[in-house]
Amino acid sequence: MAVVDCNSFYCSCERLFRPDLAQRPVVVLSNNDGCIIARSDEAKAVGLGSTGPYYQYRDLIKKHGVAVFSSNYNLYCDLSMRVMDTLRSLMPPGSVEVYSVDEAFLDLGHIDPGQYHEFALNLRHTVEGWTGIRVSVGVASSKVLCKVANKLAKKNKGITHCVMVLDTEESISAALQEFDVSELWGIGRKYSSKLKEQYAINTAWQLKHIPEEWARKHLGGVVGIRMIRELNGISCIPMKDPLEKKKMISCTRMFGRPVYTVEELRESVAAYIARAGEKLRRQGFSAGVIDVFAVTNGTRGGEYVYDPKTDHRFVMLPRATSYTTELMEYALPLVDQLFRPGQKYLKAGVIMGELVPDDAVQADIFSGALHANQRSLMDAVDNINFSMRGDVVKYVASGLKRNWKMRQDMRSGKYTTRWEELYEVK
DNA sequence: TCTGGGGTCCTAGGACCC
DNA sequence: TCTGGGGTCCTAGGACCC
């Protein structure tokens, strides 16, 4: 199998429309312009070592003339679709698993193992030629090893040309001996410090030779066992069925500034419900449970310490729905239950659960006719909001001033999805 | 002054049932 | 004097991913 991963995806998307930035370091910020979430190779080279809070890197960014962008998900999603469509057109039906916005696993069952390298190189050239996005390809017999191959391909671009195949004992052991456990797919901060500090396991090679029972005990049960097997080239994280049902849809944001009143908290939650409702409808789901949560942060001894606390309430709906008005009727009262005066609120959100595909929603003889009306009202609202600027049709509950809205000061144009902002070639 | 958003999977432990 | 065993379902919380 193989994993295809776009190089510094968000940065590459921004550069596609700003060729003048080709050699300059580029970073992209999270919502609210809070964290750096993507860095180009050049940005990494000038010392932006890891993703993290933007303000900590301000000086470095100024010093090296780094181009900074707020995140522009319309653009990234559109380019992602083009990349994935390209991959699907080059592969047999059903052999592409889209894993994330910038990454896909491929089932190479139809390729002769002797041809892996050539196939992967060709894939990379085609994607870049058709979409302008450069990808790296890692090939191996398990997903974990594919990810290792992919990372190594990215590290030595000059030698690998962004392609690496790990298909022999020698190449695999050479790769794993140099590979830090903390970089493995499935080993996060907690596990990696545990492995290193308590057990002196530092490389993927060492981890590969650990007994399965040990892994069961110390690395999350069956998850640990799978890790060891995958490192040994035994595939046990299968390709996922693209038709598999989603389990939750959520919408959550940090506030642009702290919120102290129940009115503002309610407004923000209403806005998130409206947005989550849109997502539900677009993906063809109704929700059976709504969970509303809010995150507070206090000060300790007058000093600011980032120590968020989450509180939540949920409600089960008598009948699953994606009708925004109804979602709000059930969910907004939760805000009043949740709210505690005097608290400093940093963030809130809603999570829609118990999703059922729209066509499977239990019919209710009393609401059949109404349901058709709701549907066409929502279609109209969604169409207007999609085709016009921003949220033209808003719910009064979601507020008109929206002082709490997130900051987004450096967003690029929606070059590919909005006529008014279409990229111009002069 | 200031730390994102959207997901998944797994486990332990309690409630409940026969 | 003495209080089973096995199963399922649910929830909270932890870990991870991009």
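Just so we're clear, the structure is a prediction, and the values are computed from it rather than from any experiment. Note: hydrogens, waters and symmetry copies are ignored here, and every other heavy atom, side chains too, is used.
Helical stems of DNA chain B (runs of at least 3 Watson-Crick or G-U pairs, donor-acceptor distances under 3.5 Å) are listed by first residue: B:5-18 with C:5-18.
With the nearest nucleotide of DNA chain B identified for both Pro258(A) and Gln283(A), Pro258(A) has the one nearer the 5' end. The residue among Arg58(A) and Glu244(A) whose nearest nucleotide of DNA chain B is located toward the 5' end is Arg58(A).
Side-chain proximity of Trp185(A) to the nucleotides dC10(B), dG7(B), dC18(C) is greatest for dC18(C). Of the listed nucleotides (dC10(B), dG4(B), dG5(B)), dG4(B) has the atom at the smallest distance from the side chain of Ser30(A). Comparing dC10(B), dC18(C), dG7(B) by their nearest atom to the side chain of Glu103(A) picks out dC18(C). When the nucleotides dT8(B), dG5(B), dG4(B) are ranked by their closest atom to the side chain of Thr252(A), dG5(B) comes out on top. When each of dT3(B), dC10(B), dG7(B) is scored by its nearest atom to the side-chain atoms of Ser250(A), the top-ranked nucleotide is dG7(B). Nearest to the side chain of Met254(A), among dT8(B), dC2(B), dG5(B), sits dG5(B).
Heavy atoms of Asp102(A) sit under 4.0 angstrom from primed sugar atoms or phosphate atoms, though from no base atom. The residue Ile187(A) sits close only to the backbone: its heavy atoms come under 4.0 Å of sugar-phosphate atoms, none of a base. At the heavy-atom level, Ile351(A) lies nowhere under 4.0 Å from the strands shown. Arg257(A) comes within contact range of no nucleotide atom at all, as no heavy-atom separation falls under 4.0 Å. Using a 4.0 Å heavy-atom distance criterion, Leu219(A) is classed as making no nucleic acid contact. Contact annotation for Lys143(A): no contact, since no heavy-atom pair falls under 4.0 Å across all strands. In this structure, Val101(A) reaches neither bases nor backbone, as no heavy-atom distance under 4.0 Å exists between it and the strands shown. Residue-level contact check: Asn31(A) touches the backbone only, with heavy atoms under 4.0 Å from sugar-phosphate atoms and none from bases. Residue Tyr191(A) is classed as a sugar-phosphate contact, given heavy-atom separations below 4.0 Å to backbone atoms only. Nucleic acid contact for Tyr99(A): sugar-phosphate only, since backbone atoms but no base atoms lie under 4.0 Å from a heavy atom of the residue.
Within the structure, a side-chain polar atom (N or O) of Arg253(A) is placed less than 4.0 Å from OP1 or OP2 of dG6(B). A close approach under 4.0 Å does not occur between any side-chain nitrogen or oxygen of Ser71(A) and OP1 or OP2 of dG5(B). The phosphate of dC16(C) (OP1 or OP2) has no side-chain N or O of Lys190(A) nearer than 4.0 angstrom. Contact annotation: Lys247(A) does not reach the phosphate of dT8(B) (side-chain N/O to OP1 or OP2, under 4.0 Å). Residue Lys147(A) places at least one side-chain N or O under 4.0 Å from the OP1 or OP2 atom of dC18(C).
Rounded to an integer number of Å, the gap from CG of Leu184(A) to P of dA15(C) is 18 Å. Counting to the nearest Å, the P atom of dG13(C) and the CZ atom of Phe314(A) are 13 Å from each other. The interatomic distance linking Tyr76(A) (OH) with dG6(B) (C1') rounds to 16 Å, in whole Å. At whole-Å resolution of the value, CZ in Arg39(A) and C1' in dC18(C) are 13 Å apart. Between the CG atom of Asp33(A) and the C1' atom of dG4(B) there is a distance of 11 Å, rounded to whole Å. With rounding to whole Å, Lys246(A) atom NZ is found 12 Å from dC9(B) atom P. A straight line from CZ of Phe9(A) to C1' of dC18(C) spans 12 Å, rounded to a whole angstrom. Atom CZ of Phe255(A) and atom C1' of dC2(B) are 17 Å apart (whole Å).
Taking the centre and axis of the six-membered ring of Phe179(A), the NZ or CZ atom of Lys151(A) falls outside the cone set by 45° and 6.0 Å.
Side-chain atoms of Glu14(A) do not come within 3.5 Å of backbone N or O of Val26(A) as any donor-acceptor pair.
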Decide salt bridge (Lys or Arg N to Asp or Glu O under 4.0 Å) for Arg313(A) and Asp311(A); before the verdict, give the C-alpha distance in whole Å, the side-chain angles of both, and the deciding distance to 0.1 Å.
-> CA-CA 7 Å; Arg313(A) 297 282 185 285; Asp311(A) 194 8; 3.3 Å; yes
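The six-membered or imidazole ring of Tyr345(A) lies near that of Phe339(A), with a centre-to-centre distance under 6.0 Å. Separation of the His218(A) and Tyr199(A) ring centroids falls under the 6.0 Å cut-off. Ring-centre distance between Trp185(A) and Tyr99(A): below the 6.0 Å cut-off.
The pair Asp78(A)-Arg82(A) meets the salt-bridge criterion, with a side-chain N (NZ, NE, NH1 or NH2) lying under 4.0 Å from an Asp/Glu carboxylate O. Ion pairing between a basic and an acidic side chain is recognised when a charged N comes within 4.0 Å of a carboxylate O; Glu97(A) and Lys143(A) show such pairing.
dC18(C) and dC2(B) have their P atoms separated by 30 Å, given to the nearest Å.
A donor-acceptor contact closer than 3.5 angstrom is absent between the side chains of Ser136(A) and Asp5(A). Between the side chains of Gln177(A) and Thr203(A), no donor N or O sits under 3.5 Å from an acceptor N or O.
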